[in-house]
Participant: 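Got a structure for you, written out below as structure tokens; questions coming shortly.
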Amino acid sequence: MALSTEDIRNIAKLAKLQINADELEQYKQDLSRILEFVEQMNQADVDNIEPMAHPQDMMQSLRVDEVIESDQREKFQHIAPATQDGLYLVPKVIE
Amino acid sequence: MEWEVVIGLEIHVQLNTQSKIFSGAATAYGAQPNTQACAVDLGLPGVLPVLNKDAVAKAAMFGLAVDATINDGSVFDRKNYFYPDLPKGYQISQLAIPIVEHGTLEISLEDGTTKSVGITRAHLEEDAGKSLHEDFDGMTGIDLNRAGTPLIEIVSEPDMSSAKEAVAYMKKIHSIVTYLGICDGNMQEGSFRCDANVSVRRKGDSELGTRTETKNLNSFRFVERAINYEIERQIDVIESGGKVVQETRLYDADDDSTRAMRSKEEANDYRYFPDPDLLPVKLEQGLLEQLQASLPELPDVKQARFMDEYSLNQEDAEQLSSSRAMADYFEQVVAGEKEQAKISANWVLGELSAALNQNGLDISQSPVSAEKLAQLIARIADNTISGKIAKEVFQDMWNSDKSADQVIQEKGLQQISDVGELEAIVDKVIADNPNQVEQYLSGKDKVFGFFVGNVMKATKGKANPKQVNDLLKSKLSK
């Protein structure tokens, strides 16, 4: 399956990536090749194979429900670009 | 034109664990901003999520309560979108294999019948943080204390066909999760909130109409109003020749309407994929049996038992069993005295509930304990006081920590039990009102109430109404 230039623009937008116009063609070819590879894998007969959700054949280990973290706000906010009254400040997201 | 309404609800239930779903930070409500947001919740590089055991157990418990399938091997996926209250750039959720699927519950309709509503799924996910949009010099403030709080999102089948049904369903879910003790049910604090999917179609059409999703409804009243507004709006759009647009809308309680929300992400393309940081979730050996054994008596079963054991009507039994705390309180008031069940139900649902509502209190915070209310009811039953005086006594009990007996004693409210004393008062009322006696004897039965009223006034309400009636009847007929 071949992707269009429009698809590439949309994917970049969803991923919040800036792509220059002269890079579009290269990305289009690379991503299309990945999809071709997926297409190739789709040919494999997997009828009797149970799907897996993770490459490791293991189950999730669980944590006991306990509070083990202490407040480290000062430390975290020290590396934040902008804070006020304990809040992280970001560019306004609604008008 | 007749219209048919199709409604499905997505309910977000915060699980009341101590720590977050993927980190050891606290979940307590109301802490100073960002003091309960650790490196995992902030999505700092290099952190890994570790799943909370109790969150899994609580989600499974909900599944058992609605006769659902509990999947052994449910999978966490990443739901990708950018918003500042979601610092990782994705929410960890479950898409293809949720922990709970294919459940069902019964709701009672106004006409007394019941309806079964399907639960498509309930999946585990993390809550996002909060954005504060006011007053930061044109910036938005972010509090990530809520980020990572465990949620189950309960998705219903589109089985409801009116706002009232949707509210009944939502109330039922609320009652179940609070009965199970897996959620505090506090809607003001956002522990229990709902999105409503609504569409309309012409009666008889087989295809569903285009639906809208109204977000973040955090009260039963808002759900009902928002749905009714949406129904009318969509019908108006279609009847005036337009088309309903599939979109996310926001309910505005101030002017009781919904409006289109600016979409967070184009085309809702969340690009889900299995989260490589998390493995499939295997249920611990024996967990389901253990949870099944620990399930409390659920609202439907309790309601049926109340009707059977205490001979209550359906309405009373349903109201009492809608909250576990209220049901427990009621049973403590009755305390085995089954002949007092009806009057106890009346007091709990009437006087007590009214006082609680008026003061914005939960039944667990009632200043009048079940034992104290039981004593008050016992004093009505043994004719120490009338039902009317009991209301006065109740008010005093509510405003102090006195018992019913103390209030009755101190204020001298016990009924006049001495027949001689009461007779003398009745005689005097008759003697003082010869005109009314004449009217009564000439057939004006209504005047009887006048005598009762005067006797009650003379005794300050302390006479036994039945005794007064009997005495007056026999004396007036002489």
Participant: Assess, by modelled atom type and distance only, whether the side chains of A/E6 and A/N10 contain a donor and an acceptor separated by less than 3.5 Å.
Facilitator: no
Participant: Need one label for B/L42: side chain, backbone, both or neither, based on atoms under 4.5 Å from any heavy atom in chain A.
Facilitator: side chain
Participant: With sequence neighbours excluded, what pairs up with B/D277 under the salt bridge (charged side-chain N to carboxylate O under 4.0 Å, His left out) test?
Facilitator: B/R78
Participant: Identify the residues of residues 52-61 of chain A whose heavy atoms come closer than 4.5 Å to a heavy atom of chain B, ordered by number, or report 'none'.
Facilitator: A/A53, A/H54, A/Q56, A/M58, A/M59, A/Q60, A/S61
Participant: Can you confirm whether the side chains of B/H123 and B/E125 place a donor and an acceptor under 3.5 Å from each other?
Facilitator: yes
Participant: Need one label for B/V75: side chain, backbone, both or neither, based on atoms under 4.5 Å from any heavy atom in chain A.
Facilitator: side chain
Participant: Give, as side chain, backbone, both or neither, the part of B/I97 having an atom under 4.5 angstrom from any heavy atom of chain A.
Facilitator: neither
Participant: Under 6.0 Å between ring centres: does that hold for B/F22 and B/F76?
Facilitator: yes
Participant: According to side chain to side chain donor-acceptor pair (under 3.5 Å), who are the partners of B/E284, at least two apart in sequence or on a separate chain?
Facilitator: none
Participant: State whether a side-chain donor-acceptor pair under 3.5 Å links A/D71 with B/Q36.
Facilitator: no
Participant: Under 3.5 Å, is there a donor-acceptor pair between the B/S19 and A/D65 side chains?
Facilitator: yes
Participant: At a heavy-atom separation under 4.5 Å, does B/A55 approach chain A through its side chain, its backbone, both, or neither?
Facilitator: neither
Participant: With B/K79 as the cation and B/Y90 as the aromatic partner, state whether NZ or CZ is under 6.0 Å from the six-membered ring centre and within 45° of the axis.
Facilitator: no
Participant: Please identify each residue that fulfils ring pair (Phe, Tyr, Trp, His ring centres under 6.0 Å) with B/F222, with sequence neighbours left out.
Facilitator: B/Y251
Participant: Using a cut-off of under 4.5 Å for heavy-atom pairs, which of A/L89, A/D85, A/T83 has the most such pairs with chain B?
Facilitator: A/L89
Participant: Between B/S131, B/P274, B/C38, who has the most heavy-atom pairs with chain A when the cutoff is under 4.5 Å?
Facilitator: B/C38
Participant: If you tally heavy-atom pairs under 4.5 Å against chain A, which of B/N34, B/D54, B/L44 wins?
Facilitator: B/N34
Participant: Measure A/Q77 against the heavy atoms of chain B and call it side chain, backbone, both or neither at under 4.5 Å.
Facilitator: side chain
Participant: Under 4.5 Å from any heavy atom of chain A, what part of B/T27 do you find: side chain, backbone, both or neither?
Facilitator: neither
Participant: Using distance alone, with no hydrogens and no angle criterion, decide if B/K130 and B/N145 have a side-chain donor and acceptor under 3.5 Å apart.
Facilitator: no
